[in-house]
Amino acid sequence: MNIHIQWKNRDKSMEFPQGTTLIAMAGELDRDLKKAALLGKVNGKVTELNEPVMEDGEVEIFTFEDEEGRDAYRHTCSHIMAQAALRLYPGTKLAIGPSIEDGFYYDFDPEKPFDPEAMEAISAEMGRIIKENIPLERFTMGREDALKFFRDKGETYKVELIGDLDEDAEISFYRQGDFTDLCAGPHVPSTGYIKAYKLMSLAGAYWRGSERNKMLQRIYATAFFSKQELQEHLDRIEEAKKRDHRKLGQELKLFTIKDEGPGFPFFYPKGMILRNELMAYWREVHRAWGYDEVSTPVILNRELWERSGHWFNYKDNMYTTVIDEEDYAIKPMNCPGSLLIYNSELHSYRDFPLRWGEMGLVHRHELSGALHGLMRVRCFTQDDAHLYMLPSQITEEVAGVVRLIDSIYKMFGFDYRLELSTMPEQHLGDEETWRMAEATLEDTLKSLGAEYAINPGDGAFYGPKIDFHLKDSLGRTWQCGTIQLDFQMPERFDLTYVGEDGQKHRPVMVHRTAYGSLERFIAILTEHFAAAFPTWLAPVQVKILPITDRQHKYADFLARELKAEGFRVEADLRSEKIGFKIREAQNERAPYMLVVGDKEQDMGAVALRIRGKGDKGTVNFLAFKRKLKEEVAGRSLELMEMDRDGK
């Protein structure tokens, strides 16, 4: 008996004998596809390549280019790593080993802690397991049999995981030779599918993420479909290390984190220039888009946070205190304060839309192990805005926010992708309101012709959201901007306005950020530009480098002239050789260096050096100043081109 198969994303259908496996089908369709195939989908259900297909339907094949294929490939590699660890260190207990972005990990509880030598041994054993080309076989057990299976092996972590499952659950396992693991799958057919892998690092990880549990050892690793792809990934990691904002922030005296305040950033004067320039740009953009700026208190009482729902849904991440025998909390978000401002006066339908922006300092408790430079901190400045509108204005206002955020990201040269995040398991309000809010956001994105992905269950607890994921110069993505549509807070805070009918009605609220967190955005910019910021952002825009003491007076004159125009200038008057001064200025990432000797002084000119472009020879100082003014005013990402004639 034959079955009829329609290939998804290809205008082609084929007949196969019933029971043909996906890998065999792929070979009939395209030999190259068979070589690249890792996983499939039949009639919308993820299916492993060796599984026989028994009915007509639509078939899709996933390769390493697809997220589904990458996850199965790397998850299989995590099983290989666990198998290797058990072969070499039999007393080791296993926890979990998922695929993650750019790789995978496995958490172990070894009898003797792993060290770098153990990692090398495990890596070598993985290579042997891959060469053995061991098939991965799926099978199931009932809950009691599964518990007994792992109790007999002394695998206490697996026993705990099974204990959390339903009484009547059928539990799946994967066997590869002498190794069996608890796993829902899916996987590639055999260990021989793995082409290139590398163990990256060893770290501590609490079992199930709780500080109350035992600290396990986590081996992070990665895997790619070719050695070339793996090497390119490793090269990107090395480049990322050079660009690490923590390293550059300290070297260039931009920002730092001190032991006296873990997770609480300190900004040096040059770092404050970055902050202030970004804030000035933010204010300029928001004025142009019709926003007014507000400010709300950092500490507010418990009753407010109970009303907002934060006390019950977010309390573990909040810092609390007692004032006059009353509970207070340091704000983790700005929105409740904005709601209080709204309720401080009566509103008419004619007032809408209201657009209020706030650069608000918020505090959130993060576990110490999660802290990471400016990327993950315990206090940060959120470039919030809250918009209040009529229901009829939602589409227009959300579309306007998308365009505003788009204009900001284009200013910095960022590409981005959009995700629509839907109702989470823990949420406020009824499902009908949520579905209506989700549909409204989706319709708005469609009206803009925007491409987007659905991120199920990742909305805020009070509403669905659109997230902006920036792509930096190394191809990494960062979630920054967000637009959250909220019908819950206006209800909980009893927000009203007087409509055309003279009756009270409920407005709709939108929460949104563009930078997301000012601190995190600075970290992203630092790594994106490798601290070689565009001139308008650069803490020092021009370095003046006199060759000898005889030019100090002229260097001072040039510095005063530039500072009078508002430029950030430093004159290096140290008694050092000019080569040393140039190297220092290059290390500081100054966009422009003006070298001045006797000739330049006599001519009233400068010898111009441009970051990344080298020596441009002697140019007219007034022409340089004019072009610098144009570049900074236009917030250009590119440094000027200039010849001796000032063109």
Side-chain angles (χ1 to χ4, degrees), residues 100-103 105 200-201 203-205 209 218 220 222 233 236-268 270-272 274-275 277-279 282 317 319 332-333 359-384 405 408-409 412-417 419 421 455 458 465 467-482 513-533 537 539:
I100 56 175
E101 187 175 2
D102 287 338
Y105 68 79
M200 303 296 293
S201 63
R218 175 174 295 177
Y220 284 102
T222 192
H233 174 72
R236 284 193 298 271
I237 290 174
E238 285 304 308
E239 180 62 25
K241 288 178 181 177
K242 296 175 187 175
R243 293 168 178 251
D244 190 319
H245 73 281
R246 295 168 298 178
K247 172 177 173 287
L248 292 176
Q250 185 63 47
E251 287 178 359
L252 300 177
K253 291 293 182 281
L254 301 175
F255 41 77
T256 188
I257 305 289
K258 297 291 186 181
D259 292 341
E260 291 83 353
F264 300 96
F266 292 76
F267 279 83
Y268 296 110
K270 288 181 179 178
M272 284 304 298
L274 268 178
R275 285 181 64 98
E277 286 295 328
L278 289 170
M279 290 172 74
W282 183 90
N317 294 92
Y319 295 107
M333 298 175 185
M359 279 284 185
L361 180 64
V362 299
H363 290 71
R364 298 179 185 176
H365 176 62
E366 300 283 357
L367 295 177
S368 58
L371 300 176
H372 180 78
L374 297 185
M375 296 289 191
R376 196 71 176 266
V377 291
R378 287 172 168 161
C379 76
F380 55 93
T381 303
Q382 200 167 44
D383 68 316
D384 251 333
I405 296 175
I408 289 175
Y409 293 162
F412 298 98
F414 284 123
D415 292 326
Y416 62 85
R417 59 180 174 82
E419 280 187 354
S421 298
N455 186 9
D458 199 44
K465 60 180 181 169
D467 287 330
F468 292 73
H469 295 262
L470 301 188
K471 186 176 182 180
D472 71 10
S473 58
L474 295 181
R476 301 170 301 181
T477 56
W478 309 94
Q479 195 274 306
C480 290
T482 187
T513 65
Y515 295 150
S517 151
L518 188 58
E519 288 75 7
R520 189 164 179 266
F521 198 72
I522 288 172
I524 292 168
L525 288 178
T526 301
E527 298 194 0
H528 177 66
F529 292 116
F533 299 107
L537 269 180

Drop me the distance from [X]'s [atom1] to [Y]'s [atom2], to the nearest 0.5 angstrom.
X    : Y    : atom1 : atom2 : value
H469 : T482 : NE2   : OG1   : 8.5 Å
L252 : K270 : CG    : NZ    : 7.5 Å
M375 : T526 : CE    : OG1   : 8.0 Å
F264 : K258 : CZ    : NZ    : 16.0 Å
L278 : E519 : CG    : CD    : 10.5 Å
T513 : F521 : OG1   : CZ    : 10.5 Å

Run the ring pair (Phe, Tyr, Trp, His ring centres under 6.0 Å) test against [X] and tell me which residues pass, sequence neighbours left out.
X    : result
Y416 : Y409, F468
Y319 : H365
H233 : F224
Y105 : Y220

Item to complete: Please confirm whether F414 and H528 have ring centers closer than 6.0 angstrom.
Response: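 Ring centroids of F414 and H528 are less than 6.0 Å from each other.
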Looking only at atom types and distance, does a side-chain atom of [X] sit under 3.5 Å from a main-chain N or O of [Y], one as donor and one as acceptor?
X    : Y    : result
R364 : P332 : yes
E277 : M279 : no
T222 : D102 : yes
N455 : E419 : no

Item to complete: Compare all side-chain heavy atoms of S517 with those of T381 and state whether any distance is below 4.5 angstrom.
Response: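 A side-chain contact under 4.5 Å is absent here.
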Worksheet item: Under 4.5 Å between any side-chain heavy atoms of E260 and F266, yes or no?
Response: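 Of all side-chain heavy-atom pairs linking F266 with E260, none is under 4.5 Å.
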Worksheet item: Which pairs with one or both residues in residues 368-377 pass side chain to side chain donor-acceptor pair (under 3.5 Å), sequence neighbours excluded?
Response: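 Output for this query lists R246-H372, E366-R376.
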Worksheet item: Which one of I408, D467, L470 satisfies the side chain to side chain contact (heavy atoms under 4.5 Å, CB included) criterion with C480?
Response: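 Between C480 and the candidates, side chain to side chain contact (heavy atoms under 4.5 Å, CB included) is satisfied uniquely by L470.
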Worksheet item: Would the number of heavy atoms belonging to other residues, nucleotides or ligands and lying under 6.0 Å from NZ of K471 be above 12?
Response: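 No.
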Discussion item. Please check if the number of heavy atoms outside E251 that lie under 6.0 Å from its CD is greater than 12.
Written reply: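 Check passes, neighbour count above 12.
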Item to complete: Validate the cation-pi geometry between R520 and F380: distance from NZ or CZ to the six-membered ring centre under 6.0 Å, angle to the ring axis within 45°.
Response: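 Cation-pi check for R520 and F380: fails.
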Discussion item. Applying salt bridge (Lys or Arg N to Asp or Glu O under 4.0 Å), can you list everything that pairs with K241, at least two apart in sequence or on another chain?
Written reply: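 So K241 forms a salt bridge (Lys or Arg N to Asp or Glu O under 4.0 Å) with E238.
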Worksheet entry | H245 and F255 aromatic ring geometry - parallel, tilted or perpendicular at 30°/60° bounds |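 Plane angle between 30° and 60°, so tilted.
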